[in-house]
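Worksheet for the structure shown next.
One-based numbering, in listed order, for ligands and for the atoms of each.
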Amino acid sequence: MTRPDTPLLDRIAGPSDLKGLSDRELAQVARELRAEVISAVSETGGHLGSSLGVVELTVAIHAVFNTPMDKLIWDVGHQCYPHKVLTGRRDRIRTLRQKDGLSGFTRRDESEYDPFGAAHSSTSISAALGFAVGRDMGRPTGDAIAVIGDGSISAGMAYEALNNAGAEGRRLIVILNDNEMSIAPPVGAMSTYLSRLYASEPMAQMKTLADSFEKLMPPPMREGARRARQLVTGQGGSSTLFDELGFDYMGPINGHDMHQLLTVLRAAQTLANGPVLIHCCTVKGKGYAPAENSADKYHGVSKFNLETGAQAKSRPNAPSYTSVFGRALTEEAARDPRVVAVTAAMPEGTGVNLMAQRFPKRVFDVGIAEQHGVTFAAGMAASGLRPFCAIYSTFLQRGYDQIVHDVALQRLPVRFAIDRAGLVGADGATHAGSFDIAYLSNLPGFTVMAAADEAELVHMVATAAAHDEGPIAFRYPRGNGIGVQLPERGEVLPLGKGRVIREGSDLAILSYGSLLPQALEAAALLEAEGHSVTVADARFAKPLDLDLVRQLARHHRGLITLEPGAEGGFGSVVLHALAREGLLDRGLAVRPMTLPDRFIHQASPDEMYADAGLTVEHIRATALGILGRNAQVYTFPERA
Ligand SMILES: Cc1ncc(C[n+]2csc(CCOP(=O)(O)OP(=O)(O)O)c2C)c(N)n1
Ligand SMILES: CC(=O)[C@@H](O)[C@H](O)COP(=O)(O)O
Ligand SMILES: [Mg+2]
């Protein structure tokens, strides 16, 4: 028997425990749940703002619907912390985004209450429709409910899903969580439209709410309800974009009012006989003043002081790669009025906000629209501008066909600034920048570079700015540089030329990208053990520095290639070149060191690279595996 003053949340082992509670008690659960999320994230860091915006909504959905039989799919999934607390993971919520801990997003292999994984935005409606079809074809699925934000619904994939779902006409619940924020303030006509939808008088809200019920009623009752509404509101009523797409639009409702939420969700559950869109207005960061009062609503925070909201600040000895890029880009823009920048809803994350401070009319935030952003930049390049398309490696995957079809095939000089290259830490596998080397270095006419440090990044920005012969990309990691001196001005690098950093004679390590310091450290260890090791920085995966590769192959017993990228990238380019040049015929020992053929889940970057087999010790062991008979032969990470 639980004591009467026991917090209600302590009695919630799972959503079924919500069923017996009154609406008032559910509101109390939400209050306690909000406090729990704030407390937990103050210890772990993470996506606090979006989670606080959906606390009441999360309680109401799990109280009304029958999860996990009903499939609840969170778009992006960064707002899923309240959901995880209510679905049996409260005991692990303080392991959030840590090695072997809870993911910061939804994951199928983490819980039956996570029917679909997320992290890249705008996928929820598509997945929910898939579940709805499964249900209608007899699969063990109840309702399909997608919760999608106002930022995420602006992406093309969301329209594709709305378009299809509206035509399919199947029962489907889409909840638009509209907090008037993306990561940055939202952009685009859809955002303006949504604001208009609910920026009207209360009466109009009554109207749309009455509208909603009218639509949900069986046809015979609708006419009577419509006439009643017209009498009350005196308005014929207009339909929304969503109505026109075949959805029954319900709302706008206050997403923090438990009574409104429960009433509308129960109505939808009882009456929906096709696709329904519930427009739910919320506040990002709701209920925690430091979040509500901050410009970014605490979208992504480090650990913070619960009382003050002050976030733990790291004191790096070097600037972030992102800020180095933003400043170098701004300098190029100052020298050349043709330089413009495109971001997909991440001006701060990519650093183009630094250029926007000086040249606001030359920086374009297209919203969460990577596909459009790439081809938009291609059009700019075709017009004679010099566009920098700044998109994280993982999100650039969303615009790949546009890269091939609109940029490479037409050999248009779009500059791709690829941030978050390699393993990124707490965001885990969904955000790893693992594949861009592989997916770009095979495209004809592309120039593909990787910065070994922040000074190299400055030179690569200058090289890209000056490169009009075709598309060019440069990648760099999340986080801070290594503390090298930054050049006053970037120099244009000789195309396709690498650089030898230290000369040896036994073995060569050819590094591509940001693991060069690890290569140099391993070389020093090997030298102390009597081995003579050359270390070179390739700088380019395409065009490859063939003279350098020939020289390394001909004058060493072994060659290691090293890259913070998946198989099929730089190492493959080198192996193809060696094979084509007959440089393997004399028994050269080659070891490509890449990310392993499996996904690596969240941890610190160092922990992830250790898991990936890409640390100094791994490099040393690989080298000894070539050089010494009695060496500990390094076995590559197991294949998936
Ligand atoms: C394809 C893709 N591009 C960019 C991002 C980065 N991103 C994560 S959340 C977010 C904003 C989402 O806004 P919204 O859907 O309104 O959710 P809110 O944070 O407001 O709850 C963005 C741009 C992403 N996750 N996926
Ligand atoms: C949820 C999401 O996709 C973004 O917020 C992402 O987590 C940002 O990553 P960075 O923290 O590397 O900018
Ligand atoms: Mg939003």
inquiry  = Run the ring pair (Phe, Tyr, Trp, His ring centres under 6.0 Å) test on F105 and H431 for me, step by step, so that the C-alpha distance in whole Å, both residues' side-chain angles and the decisive distance to 0.1 Å come before the verdict.
reply    = CA-CA 11 Å; F105 306 101; H431 284 60; 5.0 Å; yes

key: F116, CZ atom: more than 12 neighbouring heavy atoms under 6.0 Å   = no

query = Got the closest protein heavy atom to atom 25 (N) of ligand 1, with its distance?
reply = A119 O, 2.7 Å

query = Quick one: nearest non-hydrogen protein atom to atom 26 (N) of ligand 1, plus distance?
reply = S121 N, 2.9 Å

query = Does the Q311 side chain pair with the main chain of K303, one donor and one acceptor, at a distance under 3.5 Å?
reply = no

What does the N/O contact table under 3.5 Å look like for ligand 2?
residue  : atom   : partner : partner atom : Å
ligand 2 : 3 (O)  : H431    : NE2          : 2.7
ligand 2 : 5 (O)  : H47     : NE2          : 3.0
ligand 2 : 5 (O)  : H299    : NE2          : 2.8
ligand 2 : 7 (O)  : H47     : NE2          : 3.2
ligand 2 : 7 (O)  : D427    : OD1          : 3.4
ligand 2 : 7 (O)  : D427    : OD2          : 2.6
ligand 2 : 9 (O)  : D427    : OD2          : 3.3
ligand 2 : 11 (O) : R478    : NH2          : 2.9
ligand 2 : 12 (O) : R420    : NE           : 2.8
ligand 2 : 12 (O) : R420    : NH2          : 3.3
ligand 2 : 12 (O) : R478    : NE           : 2.7
ligand 2 : 13 (O) : Y392    : OH           : 2.6
ligand 2 : 13 (O) : R420    : NH2          : 2.8

remark   = For D150, the N, O or S atom at the shortest distance from the Mg ion (ligand 3) is OD1

remark   = protein heavy-atom neighbour closest to atom 7 (N) of ligand 1 works out as I183 CD1, 3.7 Å

ask   = Does R362 make a cation-pi contact with F359 (under 6.0 Å, within 45 degrees of the axis)?
value = yes

ask   = Would S182 count as a contact for the Mg ion (ligand 3), in the sense that one of its N, O or S atoms lies under 2.8 Å from it?
value = no

key: The one among K284, H120, E370, K297 that brings a heavy atom closest to atom 4 (C) of ligand 1   = E370

task = Could you check atom 5 (C) of ligand 1 against the protein and tell me its nearest heavy-atom contact, residue, atom and distance included?
result = F395 CZ, 3.4 Å

task = Establish, from distance only, whether the side-chain atoms of S42 and S39 form a donor-acceptor pair under 3.5 Å.
result = no

key: N, O or S from S152 under 2.8 Å to the Mg ion (ligand 3)   = no

message = Among P186, S191, S152, G151, which one puts a heavy atom closest to atom 16 (O) of ligand 1?
response = G151

key: Protein residue, atom and distance nearest to atom 13 (O) of ligand 1, heavy-atom basis   = S182 CA, 3.4 Å

ask   = Is there at least one pair of N or O atoms, one from R398 and one from ligand 1, spaced under 3.5 Å apart?
value = no

